[in-house]
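Below: the structure, in structure tokens.
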Amino acid sequence: MEYNPRDIEQKWRIWWQENQVYKVLNDSSKPKFYLLNMFPYPSGAGLHVGHPLGYIASDILARYKRLRGYNVLNPMGYDSFGLPAEQYAIQTGQHPAVTTDQNIATFRRQLDNIGFSFDWSREVRTSDPSFYKWTQWIFMRLFEHYYDKTADKALPIKQLVQHFEQKGNAGIQAACDEDTPSFSAADWKALSEKEQQELLLKYRLTFPEESFVNWCPGLGTVLSNDEVKDGVSERGGFPVERKRMKQWAMRITAYADRLLAGLDTVDWPESIKEQQRNWIGRSQGASVRFAVDGHPGAEIEVFTTRLDTIFGATFMVLAPEHDLVAQLTTDAQRAEVEGYVRWAASRSDIERMAETKKVTGAFTGAYAVNPFNDQKIPVYIADYVLAGYGTGAVMAVPSGDQRDWNFAQHFKLPIIPILDAQQNLDEAADPTKEGRYVNSGFINGLSYQEAMPRLIEWLEEKGLGQAKVQYKMRNAVFSRQRYWGEPVPVYWKDGVPCLIEENELPLLLPQVDKYLPTETGEPPLGRAEGWKYRGQYEYELSTMPGWAGSSWYFYRYMDPQNEQAFASPEAIRYWQQVDFYIGGSEHATGHLLYSRFWNHFMHDLGLVPEREYARKLVNQGMIQGRSSFVFRAREHFYEEYVWIKVLQPFFTEFGPIQVPVSKAEEEYKYDFAFESNDLVIEVVSYKQTDKIERIRSAAASDGKRLLVLFNEELADTINEPETTAEKIRRALNSRETFFMSNAQPKAERLFVSHNLTSKYSPESLTKLHVDISLVDNDVLDVARAAQLNQFAGATFKLDADGKFICSSEVEKMSKSKFNVVNPDDMVEQYGADCYRMYEMFLGPIEVAKPWDTKGITGVSGFLRKFWGLFFDEKSGAFNVADDEPTRDELRALHTAIKKVSDDIERFSMNTCVSHFMIATNELRSLKCNKRAVLEPLVVLIAPFAPHVAEELWHRLGHSDSVCAAQWPALNEAHLVTDTVVYPVQINGKLRGNVEVPAGTPAPEVEQMVLAQEFVQRNLGGGAVKKIIVVPGRIVNIVA
RNA sequence: GCGGGAAUGGCGGAAUGGUAGACGCGAUGGUCUCAAACACCAUUGGCUGCAAGGUCGUGCGAGUUCGAGUCUCGCUUCCCGCACCA
């Protein structure tokens, strides 16, 4: 019976659905296993062959764990708020909810094609009010809490208020804005209600603030730092500018230390952890306050990680935006400084990044006093100091810091060595910590380890500074001036943000007439008519960013329909945390950091049991496309063609000459001439009538006879250079003075087979993507290509075999590169089981690898062979015998059980597929059709090829699903063989094999090996120094 | 510049310190076919040899080891991330 995936796959998908085979319950005596895919944004483009990679791998793991006796949660949903749907809405006026639903339907249809074991009754969508109700709810909790550093957790803001009423903010260690003043209980009580609320905003974990943000006019919204790459938006590549705006922010900085420490507790890829560490950017150092000479009130505070170098500080540098710049600048320097400040402000981020090597700056005229040695050092401003990091000021130590060194060189400032180990300070800074200090006051002669504690002690004693930890990470902007996102459950009363009541959730996204900002520049929600809290207060008009819903969605899957809570405590207690999370590494700092932050917060509130929600994380690598390219001839090509293919081969006896073209020539030169003939040749497009006329008259006045060859007529006969040669020969032998074809040429453009292009210069050809569906094995289907617009009126220069060869490259899969492979087509042609297995077979999940549709035939053939094991070759009838299996058959089976089990556990799916192929080939050559072998094999393959497994399982007489079966047990006894073949090495080189009975003791193996003829021959009579016998593995003789 | 990762046939890739190249693609030859496609069989790292075999071979150079693709040190190249972060 023929293996026909189309029939059986369809049948079982319906059966699974009807029998609710993938329904997961929350109460089970079985151990739980929670497996999660990063949910997709449902884009309009649908899935390409690379997208389901992670889903397939995790589906295999899910099915495997289930067969191993676990209750497995393997859900899927959609991150369905987002910019593309809104951009589309702006263009078409369609509500984003409508297009989002359509896109989800496409995704679902594609996913259903592949046979996943998702429990679709648990599907979530972040844009669904029953979901975003809880996103808003968590937001409200954040608003109502502050971070208490003493308790090291979030606490209710009410407790903070109580403290304020009793003691002011003395004795409170809380995460708050930098500019929070100190106040007493009396101060607090003296404040108006509004002032109190404004003060509390400095503590709340989410709060509105005026700040510089990444404003993207092209998208009409602000972007978070991780959505900006190289000064343009990650999505769409629009320019981004710094703009001061009022924004909601999340006080993620309060959790910086915990987010950093938590990384050590999770099994995540090192690169992701490293990226997060980098993003958090913790640096330990000290802050030091410098007095300014002649400005008793002013102090410049700096942050440094190298307090030990402070005696080498020979100047200070402030960011141009630093608050003290105007105050410190002397009148003599004012013009220069103001000029520099203006210039720096005018520079975009892109310019700044592009010119990091150029030293710029200006002297303020002021001098700061180094508190350690009372030295007066000049204060400069320069834009290599960033206003946004630390205090926006640095103490410059040119001997230890390359940027300071560059600056000192440029402005001729002193460079003082501070460690005796510093070298070549006239060439570059030396940041070493080795050696002993010199020129460094009371730390002279000490090492770095000795000096640091003394310096800190001294600093804190004098009250001039203190040890400090600085983070690169900023609080996260949480507003988008957009429509298609979660409304913020806040209204504004007297300029103060207030939460709506909990029982008023969800705050629904209102209808608007257009998805554009209002005329006054308000976000789109400003268009909603009559949208007021209790009819009188303005709602917050910005919406939440994309990462809001994805920061907690993994809990919703546990209990997706709950209306009383984001998930019931029972459900959360049962499922706990995600055991295995899989998704792309591009979310390293966006989703994966913010979601950890929310989870820590929810953990503080006792809402969730674990600090880290995902125990293990795996990044699947991208599947790249294989693009094909064709080469289109440019002007210059035709000239080269005439030279290489016509003049050189056919006309050497006339002495053909390539006339060199001078670049700035006004007068005209011809392309070719002959030494022994007065004929000249010009190669030109027939469309260039002006040029042809000019040449014609030039030729006439030169007394030359002219042959004009049109590019297009050359293209018409491109595969027959003799035709052109014939034209030239006729012209050479004629007496006429002008030759030009009157016939209208047909070809509009010419494409050249890749294997012919090496003869031509790179400028003569343009490389263009061609749709890979027209290409087989790098050979272009010329007949089909000619139908396309891209090749309308085209001629193809074929190679000697009459083929048109394309070049190829591995690139990201994308529509614009014409290299997209659609999983639907793979499933249609080879079946879902085959597609699933091939996707795994390509290589390790974690690494990027190119897709090659050709290779799928290998897996297709395997599945057919596997299927064939169960059927009689001649009659085609299902034919499985109940006979006792042989030892060889059992060994093949148990080898497969062992290898596949081990490899799934270590997430090595590609080798699993190989093991199935090996087992199948072996059983086929053994002609095995024994139930005792084949039935366990069906269970073994079920996670990979669920459809074919289900079909065979039922044919084997079962009426329940193969999903409910038990993973076959490994019996090591079946792996044992009667004899062992020892490879024999002499001095580490393989010389032969010796077969001995299994279990032969090492000394006897030695004797048997030494008795071998090939061993004696290779030893050549020399003495044996030592024999190493590794039992069951190898023998090595040291001679 | 800093950090992380990688480098194995024509290609994707295998290999608890123990026979390098499993498995598959591609290629070559053959069977089937009027033919093509499919399918099936065989060969397939390089050099050398009629053959048995020999010899070289996991980016480069050292080292540890009876034995190194694997471990250590030093380099080269590529990919990813971060980047005037004080």
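Since we're looking at a predicted model, the values are computed, not measured. Each chain gets a letter, A, B and so on, in the order its sequence line appears, and its residues count up from 1.
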Check whether any side-chain N or O of [X] sits under 4.0 Å from OP1 or OP2 of [N], and answer yes or no.
{"X": "R991(A)", "N": "G54(B)", "result": "yes"}
{"X": "R1017(A)", "N": "G53(B)", "result": "no"}
{"X": "N910(A)", "N": "G12(B)", "result": "no"}
{"X": "S914(A)", "N": "G24(B)", "result": "no"}
{"X": "N619(A)", "N": "C80(B)", "result": "no"}

Candidate nucleotides [options], ranked by approach to the side chain of [X] - the nearest:
{"X": "K989(A)", "options": "C56(B), C84(B), U16(B)", "answer": "C56(B)"}
{"X": "E270(A)", "options": "G67(B), G4(B), G13(B)", "answer": "G4(B)"}
{"X": "Q275(A)", "options": "C82(B), G24(B), G81(B)", "answer": "G81(B)"}
{"X": "T857(A)", "options": "C25(B), G24(B), U19(B)", "answer": "C25(B)"}
{"X": "N1036(A)", "options": "C23(B), A15(B), C66(B)", "answer": "C66(B)"}
{"X": "Q985(A)", "options": "G4(B), A22(B), U19(B)", "answer": "U19(B)"}
{"X": "T305(A)", "options": "C23(B), A86(B), U19(B)", "answer": "A86(B)"}
{"X": "L386(A)", "options": "C85(B), G81(B), G3(B)", "answer": "C85(B)"}
{"X": "K865(A)", "options": "C40(B), G81(B), U19(B)", "answer": "C40(B)"}
{"X": "K849(A)", "options": "C25(B), G12(B), C84(B)", "answer": "G12(B)"}

Watson-Crick or G-U wobble mate for [N], both contacts under 3.5 Å:
{"N": "A86(B)", "result": "none"}
{"N": "G24(B)", "result": "C11(B)"}
{"N": "G49(B)", "result": "none"}
{"N": "A36(B)", "result": "none"}
{"N": "G81(B)", "result": "C2(B)"}
{"N": "C75(B)", "result": "G59(B)"}

Taking [M] as the reference, what is the distance to [N] when you measure between their [atom1] atoms (whole Å, please)?
{"N": "A68(B)", "M": "U58(B)", "atom1": "C1'", "answer": "11 Å"}
{"N": "U28(B)", "M": "U19(B)", "atom1": "P", "answer": "33 Å"}
{"N": "G12(B)", "M": "U16(B)", "atom1": "C1'", "answer": "24 Å"}

Using atom [atom1] of [X] as one end and atom [atom2] of [N] as the other, report the distance to the nearest whole Å.
{"X": "W851(A)", "N": "C11(B)", "atom1": "CH2", "atom2": "C1'", "answer": "15 Å"}
{"X": "N993(A)", "N": "G18(B)", "atom1": "CG", "atom2": "P", "answer": "17 Å"}
{"X": "L263(A)", "N": "G3(B)", "atom1": "CG", "atom2": "P", "answer": "18 Å"}
{"X": "Y389(A)", "N": "A86(B)", "atom1": "OH", "atom2": "P", "answer": "5 Å"}
{"X": "D776(A)", "N": "A36(B)", "atom1": "CG", "atom2": "P", "answer": "16 Å"}
{"X": "K854(A)", "N": "A27(B)", "atom1": "NZ", "atom2": "P", "answer": "7 Å"}
{"X": "D778(A)", "N": "G10(B)", "atom1": "CG", "atom2": "C1'", "answer": "12 Å"}
{"X": "D852(A)", "N": "C25(B)", "atom1": "CG", "atom2": "P", "answer": "11 Å"}

### Task
Write down the atom of L464(A), the atom of P371(A), and the distance for their closest heavy-atom approach.
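The answer is CD1-CB, 3.5 Å.
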So what does [X] touch, heavy atoms closer than 4.0 Å: a base, only the sugar-phosphate, or nothing?
{"X": "R864(A)", "answer": "sugar-phosphate"}
{"X": "S585(A)", "answer": "nothing"}
{"X": "I918(A)", "answer": "sugar-phosphate"}
{"X": "N921(A)", "answer": "sugar-phosphate"}
{"X": "V1030(A)", "answer": "base"}
{"X": "P844(A)", "answer": "sugar-phosphate"}

Does [X] come within less than 4.0 Å of [Y], counting only side-chain N to carboxylate O?
{"X": "R836(A)", "Y": "E839(A)", "result": "no"}
{"X": "E811(A)", "Y": "R626(A)", "result": "no"}
{"X": "D776(A)", "Y": "R784(A)", "result": "no"}

### Task
Have a look at G9(B) and give me syn or anti from its glycosidic angle (syn if within 90° of zero).
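This nucleotide is in syn.
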### Task
Name the residue closer to the 5' end of RNA chain B, choosing between G392(A) and P983(A) according to the nucleotide with the nearest heavy atom.
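Residue closer to the 5' terminus by nearest nucleotide: P983(A).
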### Task
Could you check G858(A) against A848(A) and say which one's nearest nucleotide on RNA chain B is further toward the 5' end?
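Comparing both residues, the 5'-ward one is A848(A).
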#### Entry: The single option from D308(A), T309(A), T304(A) passing side-chain hydrogen bond (donor to acceptor under 3.5 Å, both in side chains) against R306(A)
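Of the listed options, the one satisfying the test is D308(A).
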### Modelled atom types, side-chain donor and acceptor of T857(A) and S860(A), under 3.5 Å
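There is no such pair between these side chains.
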### Task
Evaluate the side-chain proximity of Y838(A) to Y835(A): yes if any heavy-atom separation is below 4.5 Å, no if none is.
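Side-chain contact under 4.5 Å: no.
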#### Entry: H591(A) and M38(A), any side-chain heavy atoms less than 4.5 Å apart
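In short, these two side chains touch, coming nearer than 4.5 Å.
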### Message
Using a distance-only criterion (donor-acceptor N/O pair, under 3.5 Å, no hydrogens), is the base of U16(B) paired with the side chain of R906(A)?
### Response
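Per atom types, no contact qualifies.
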### Task
Enter the distance from M316(A):CE to H322(A):NE2 here, rounded to the nearest 0.5 Å.
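Between atom CE of M316(A) and atom NE2 of H322(A) there are 8.5 Å.
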